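First up is the structure itself, then whatever we jot down about it.
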Amino acid sequence: FVVPVVGLPLGFVLGTFAAETVRRRDVRGGWLGAIAAIRAAGAAILVELAGALVAVCCWSTAVAAGIGVVS
């Protein structure tokens, strides 16, 4: 239970940091690259969440209105 919950975000941050540090040959640049990747992943998650919330709102509105009910 703990490994995916803690390991996935930690592994993502450390893996991105290590890859960027090797690519840029600079620890500061690696950290800045890791921060940029974390922000991009967070923005993608927020966009997906917004889309899911719109879908739920549309579905619940249709259910409340009785749209699509077969008689």
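Atom set for the values below is all heavy atoms of this structure, side chains included, hydrogens, waters and symmetry mates excluded. Please read these numbers as outputs of a predicted model, since none were measured by experiment.
Proximity of a side-chain donor or acceptor of T16 to a complementary backbone N or O of V13 within less than 3.5 Å is not detected.
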For residues 29-55, dump all side-chain donor-acceptor pairs below 3.5 Å to protein atoms at least two apart in sequence or in another chain.
none

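Applying the salt bridge (charged side-chain N to carboxylate O under 4.0 Å, His left out) rule to pairs touching residues 21-38 yields E20-R23, E20-R24, sequence neighbours excluded.
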